[in-house]
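Quick notes on the structure that follows.
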Amino acid sequence: MPPDAAALPAAAVPRTNWAMPRDAGWWALLLPAFLLMSVIYIAPILQVLAISVTEPTPGFGNYERLFTSIGVQRVIGTTLRICAVTTVIALLLGYALAYVIALASPQAQRWWLMGVLLPLWISVLVRAFAWVTLLRRQGLVNQGLQGLGVIDEPLALVWNEFGIVVGMVHYMVPYAVLPMLAAMREIDPRLLAAARGLGASRLTAFHRVFLPLSAPGLIAAGVLVFIFSLGFYITPAILGGGKTLMAAEWIKLQILDLVRWGMGAMLATVVVVAILTTLAVFSRVVNLRRLFGGGH
């Protein structure tokens, strides 16, 4: 040590700062989960992407089918149409249900929530077969309509797009209710009372006050339902009866039945890109982190 170093004040002696960054501990905790997610999810997705451009020959021939194959275009169109219809109907039903729950008493809310969550505890396979039993030509719905004299011949309610939409809406309504209910619970009921006190009718108060404040939850529910609907497999396979193919069932057909790995991987990649694009577009409109509970 130089002779003059002892004469320097303690604060003047240079120190080496070896302190870790403030967020280093959090990153250390997240690293194992991130590595696990990478192995389980990211690596298979990259492998699917690689297969889509290497099978049966290297290149983008599989993706050219998006523009040249009528069959592929029909599957994509059917998937988007069914998902859009499912989303709209689920939002309408879910919004009405969430509105009733939000304005109900605390005790009634518990019973309503139990009724909303109960279908989530039942296997999707069981629910699909239950709808087949209800909607088939000799099912309870057709027999009931015939017994009332409403129809003379059984209606085709299953093994078509109608049956698929019914089953998907039944599955997706709880997922539509929960985000909208979370948004509605944040609305101060005194705002509606103030609007009524200023002379607004019940409908005007709903349209001018409640609906705009609940719009973020409506958007979140729409994104959630649409994204989930894109990947449906069991419900369309059972209620569609193989006559109406959606993307997931078509992918299974290409890979397991026709052994066309490249075509199946191509559409699987398109579905993943569609989901990520949907999230990216809506993230510019609303704060999806806040809507899905990721903080303010």
Side-chain angles (χ1 to χ4, degrees), residues 37-38 40-91 128 156 158-169 171-172 175 219-286 288:
M37 291 283 289
S38 300
I40 296 178
Y41 292 103
I42 299 178
I45 290 175
L46 294 177
Q47 185 177 9
V48 169
L49 178 61
I51 292 174
S52 69
V53 295
T54 56
E55 296 287 343
T57 57
F60 294 95
N62 293 320
Y63 290 92
E64 292 179 1
R65 300 291 185 90
L66 292 172
F67 308 99
T68 60
S69 175
I70 298 177
V72 175
Q73 295 173 358
R74 184 183 299 114
V75 169
I76 294 176
T78 300
T79 302
L80 294 177
R81 181 173 61 253
I82 292 177
C83 290
V85 173
T86 298
T87 301
V88 172
I89 298 176
L91 289 182
V158 73
W159 299 309
N160 50 29
E161 288 191 19
F162 178 83
I164 294 175
V165 170
V166 169
M168 290 177 60
V169 168
Y171 187 88
M172 295 309 307
Y175 292 99
I219 295 174
V223 174
L224 188 65
V225 171
F226 185 79
I227 288 177
F228 275 17
S229 299
L230 287 175
F232 262 64
Y233 170 71
I234 295 178
T235 301
I238 295 176
L239 295 177
K243 299 177 181 179
T244 303
L245 290 179
M246 291 183 64
E249 190 176 359
W250 190 88
I251 293 171
K252 173 262 180 187
L253 178 67
Q254 297 298 316
I255 293 178
L256 297 182
D257 297 341
L258 302 179
V259 199
R260 299 169 67 183
W261 284 77
M263 290 292 292
M266 176 272 295
L267 192 57
T269 303
V270 170
V271 171
V272 172
V273 171
I275 292 173
L276 295 178
T277 302
T278 302
L279 287 175
V281 170
F282 279 97
S283 66
R284 301 184 65 87
V285 179
V286 294
L288 293 182

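Residue numbers run from 1 in the order of the sequence given.
Atom CE of Met266 sits about 8.0 Å away from atom CZ of Arg65, to the nearest 0.5 Å. Annotation: the span from Thr68 atom OG1 to Gln73 atom CD amounts to 7.5 Å, rounded to 0.5 Å. Atom OG1 of Thr244 and atom CZ of Phe162 lie 13.0 Å apart (nearest 0.5 Å). Annotation: the span from Met246 atom CE to Leu80 atom CG amounts to 8.5 Å, rounded to 0.5 Å.
In the displayed structure, Gln47 atom CD is contacted under 6.0 Å by at most 12 heavy atoms of other residues, nucleotides or ligands. Around the CG atom of Leu258, the shell of radius 6.0 Å holds more than 12 heavy atoms that belong to other residues, nucleotides or ligands.
Counting heavy atoms from C-beta outward, Arg74 and Leu245 have side chains that stay 4.5 Å or more apart. Side-chain atoms of Thr78 and Arg81, non-hydrogen and from C-beta on, do get closer than 4.5 Å to each other.
Applying the side chain to side chain contact (heavy atoms under 4.5 Å, CB included) test to Val273 and every residue at least two apart in sequence or in another chain returns Thr269, Thr277. Every side chain to side chain contact (heavy atoms under 4.5 Å, CB included) that Ile251 has, sequence neighbours left out, goes to Ile255, Leu267, Ala268.
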Give every donor-acceptor pair under 3.5 Å between a side-chain atom in residues 52-64 and any protein atom, sequence neighbours left out.
{"residue": "Ser52", "atom": "OG", "partner": "Leu49", "partner atom": "O", "Å": "2.6"}
{"residue": "Ser52", "atom": "OG", "partner": "Tyr63", "partner atom": "OH", "Å": "2.7"}
{"residue": "Thr54", "atom": "OG1", "partner": "Ala50", "partner atom": "O", "Å": "2.7"}
{"residue": "Asn62", "atom": "ND2", "partner": "Ser52", "partner atom": "O", "Å": "2.8"}
{"residue": "Asn62", "atom": "ND2", "partner": "Glu55", "partner atom": "O", "Å": "2.6"}

Name every donor-acceptor pair, under 3.5 Å, that has one atom in a side chain of residues 219-238 and the other anywhere in the protein, sequence neighbours excluded.
{"residue": "Ser229", "atom": "OG", "partner": "Val225", "partner atom": "O", "Å": "2.7"}

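Within the structure, salt bridge (charged side-chain N to carboxylate O under 4.0 Å, His left out) contacts touching residues 264-283 (residues at least two apart or in different chains) do not occur. Listed by first and then second residue, the salt bridge (charged side-chain N to carboxylate O under 4.0 Å, His left out) pairs that reach into residues 232-258 are Lys252-Asp257, sequence neighbours excluded.
No donor-acceptor distance shorter than 3.5 angstrom exists from the side chain of Gln254 to the backbone of Trp261, with no hydrogens or angles considered. Under the 3.5 Å distance criterion, the side-chain polar atoms of Thr86 are left unmatched by any main-chain donor or acceptor of Met168.
The two atoms that bring Val271 and Ala247 nearest to each other are CG2-CB, 4.0 Å, heavy atoms only.
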Derivation of the side-chain contact (heavy atoms from CB on, under 4.5 Å) call for Val166 and Val158: CA-CA 9 Å; Val166 169; Val158 73; over 6 Å; no
